[in-house]
Structures are given as structure tokens and as C-alpha cells.
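Taking it in order: structure first as C-alpha cells, then the write-up.
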Amino acid sequence: RTAQHAAERARAEAETAAACARAQVDYAAETIVVLDPSGRINHVNAAWGRFARGNGADAATASGIGLDYLAACRKDPDAAAVVAGLEAVLARRQPSFEHHYRCNAPDELRRYLLRAEVVARNAGCGCDGAVVIHADVTALELAKERLAVQREVAAALAAGRPVLEVCRELARQVCQR
């Protein structure tokens with residue numbers, strides 16, 4: 001009886017700890033998904049759902065559970081590096097992977113940092129895959145781009161290029177972004 005009671009108590013404590021961990025993940029501003037070893041989603045946080053709904057996703061995508069995250073990445077011809085990095089993390093050939101990417105909306109420029117990390121075996125979360133975090137780094141990336149443009153303009157003007165020529169070149173570059 002005592003062993004059974006101890007086992008039940010340990011199970012209840014583990015369930016409480018898992019619920020607390022999920023709640024903490026849900027409070028994060030970044031979109032977070034937890035993948036199983038095959039690349040399927042077995043948990044998303046609240047930010048994932050908000051981002052998905054805000055971008056017109058259907059209910060299944062907003063909930064995320066059970067979706068094949070890797071298959072979705074494979075459909076994007078620009079995501080080959082992401083697929084390779086995620087596969088390496090899921091196969092435990094590397095502990096983590098990072099990738100900067102653009103995810104522009106019709107009315108705004110957006111930049112993100114994807115970071116994937118191996119979920120430690122027996123981490124108490126009932127999973128054995130990877131956690132993927134999408135952090136909004138738009139402000140930082142746009143500041144870097146503005147600084148690069150300012151340096152380029154300053155160098156061109158210092159080199160004696162005509163102001164109108166520098167402005168035309170700058171406008172061409174901005175239109176390409």
C-alpha cells in the first residue's frame with residue numbers, strides 16, 4: 001500500500017510539474033513548438049496560436065498538435081537549410097540549430113530567429129524530440145539594415161559621388177528589399 005501511494009504521489013507531482021512547464025511556455029512571447037523525433041508537433045504555446053490565427057491559419061494549424069512540421073518546411077523551397085538543421089537536431093547529430101529568416105506580412109517587414117534544441121531524454125515532459133522557438137528580431141535586424149545603409153551612404157558621399165546618384169542607388173536597393 002505504501003509503495004502504491006508513493007507511486008501515485010510521484011505521478012501526481014510529475015503531472016503538476018509538466019502542467020507548470022506548459023504554463024510557463026504559454027507565457028512566452030516567442031512562438032514555441034515541441035516536436036517529436038519524426039518532426040510532428042506535440043505541443044504549441046499560446047503565442048503560436050495567436051500568430052497562426054493572426055495570419056489567417058485554420059483551426060488545425062492554430063492548434064498545431066499532430067501536424068508534420070518538417071513536411072510543412074519541406075514544401076517551402078527557401079527552407080532547405082531549416083529542414084537540414086531540424087533533421088540534424090531531431091537525429092541528435094547536433095544539439096542545436098539557428099536560422100534567421102524573413103516572414104513579411106503585406107503591411108509590415110518581419111524578421112525572425114528560429115532556434116531548435118534537442119529535448120533531453122527523460123526531461124520529464126513526456127517527449128523526446130526538439131523544441132523550436134521563433135523569436136521576433138525585427139527591430140534588431142531593421143536597425144542593422146539602417147546602419148548598413150547609413151554607412152554606405154556616408155562612404156559614397158565621402159568618396160565624392162553626387163548626392164542625386166547616391167539617392168537613386170539607395171532607392172533602387174530599398175525597392176529590392
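Quick note: numbers below take in every heavy atom, side chains included, and nothing from hydrogens, waters or symmetry partners.
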Open item on the list: To the nearest 0.5 Å, what is the distance between OG on Ser63 and CD1 on Ile41?
Closed with: 8.5 Å
Open item on the list: A side-chain contact here means heavy atoms from C-beta on lying under 4.5 Å apart; do Asn42 and Leu35 qualify?
Closed with: no
Open item on the list: Using a 3.5 Å distance criterion without hydrogens, assess whether the side chain of Arg111 forms a donor-acceptor pair with backbone atoms of Arg102.
Closed with: no
Open item on the list: So if I apply the side-chain hydrogen bond (donor to acceptor under 3.5 Å, both in side chains) rule between Glu87 and each of Arg93, Arg74, Gln94, which one comes out positive?
Closed with: Arg74
- [ ] Could you check if a side-chain atom of Asp128 sits within less than 4.5 angstrom of a side-chain atom of Val119, using non-hydrogen atoms only?
- [x] no
Task: Gap separating the CD1 atom of Ile65 from the NE2 atom of His43, nearest 0.5 angstrom - done: 7.0 Å
Open item on the list: Keeping Asp136 on the side-chain end and Tyr112 on the backbone end, is there a donor-acceptor pair under 3.5 Å?
Closed with: no
- [ ] State yes or no: do Val137 and Phe97 share one hydrophobic cluster built from I, L, V, M, F, W and Y residues joined by side-chain heavy-atom distances below 4.5 Å, directly or via other members?
- [x] no
Task: Residues His99, Arg115; criterion side chain to side chain contact (heavy atoms under 4.5 Å, CB included); working and verdict - done: CA-CA 7 Å; His99 180 77; Arg115 178 162 179 80; over 6 Å; no
- [ ] Give a yes or no answer on whether the side chain of Asn45 reaches the backbone of Ile32 with a donor-acceptor pair at less than 3.5 Å.
- [x] yes
- [ ] Compare all side-chain heavy atoms of Thr31 with those of Val44 and state whether any distance is below 4.5 angstrom.
- [x] no
Open item on the list: Would you compute the distance between atom SG of Cys103 and atom CZ of Arg110 and round it to the nearest 0.5 angstrom?
Closed with: 4.5 Å
Task: Close side-chain approach of Val132 and Leu86, heavy atoms under 4.5 Å - done: yes
Open item on the list: Under 4.0 Å between a side-chain nitrogen and a carboxylate oxygen: does that hold for Asp58 and Arg53?
Closed with: no
Task: Contact check, side chains of Leu109 and Leu142, non-hydrogen atoms, under 4.5 Å - done: yes
- [ ] Provide the closest heavy-atom pair for Ala60 versus Leu67 in the form atom of the first, atom of the second, distance.
- [x] O-CD1, 3.6 Å
- [ ] To the nearest 0.5 angstrom, please state how far the OG1 atom of Thr61 sits from the CG atom of Asn55.
- [x] 11.5 Å
Open item on the list: For Val89 versus Val118, what's the shortest heavy-atom pair and its separation?
Closed with: O-CG2, 3.4 Å
Task: ILVMFWY cluster, Val153 and Leu164 together (side-chain gap under 4.5 Å) - done: no
Open item on the list: Can a donor-acceptor pair be found, under 3.5 Å and without considering hydrogens, that links the side chain of Trp48 to the backbone of Glu30?
Closed with: no
Open item on the list: I need the Glu98 CD to Ile133 CD1 distance, nearest 0.5 Å.
Closed with: 10.0 Å
Open item on the list: Do Tyr69 and Ser38 make a side-chain contact, defined as non-hydrogen atoms from C-beta onward lying under 4.5 Å apart?
Closed with: no
- [ ] Run the salt-bridge test on Glu165 and Arg168 with the 4.0 Å N-O cut-off and return the result as yes or no.
- [x] no
- [ ] Starting from the C-alpha separation in whole Å, work towards a yes-or-no answer on side chain to side chain contact (heavy atoms under 4.5 Å, CB included) for Val131 and Val33.
- [x] CA-CA 6 Å; Val131 62; Val33 298; over 6 Å; no
Open item on the list: Please give me the minimum heavy-atom distance between Ala52 and Ala62, naming the atom from each residue.
Closed with: CB-CA, 3.7 Å
Task: Approximate separation, where rounding is to 0.5 Å, of Cys167 SG and Arg172 CZ - done: 14.0 Å
Open item on the list: Could you check whether Tyr101 and His134, counting side-chain N and O atoms only, form a donor-acceptor pair closer than 3.5 Å?
Closed with: yes
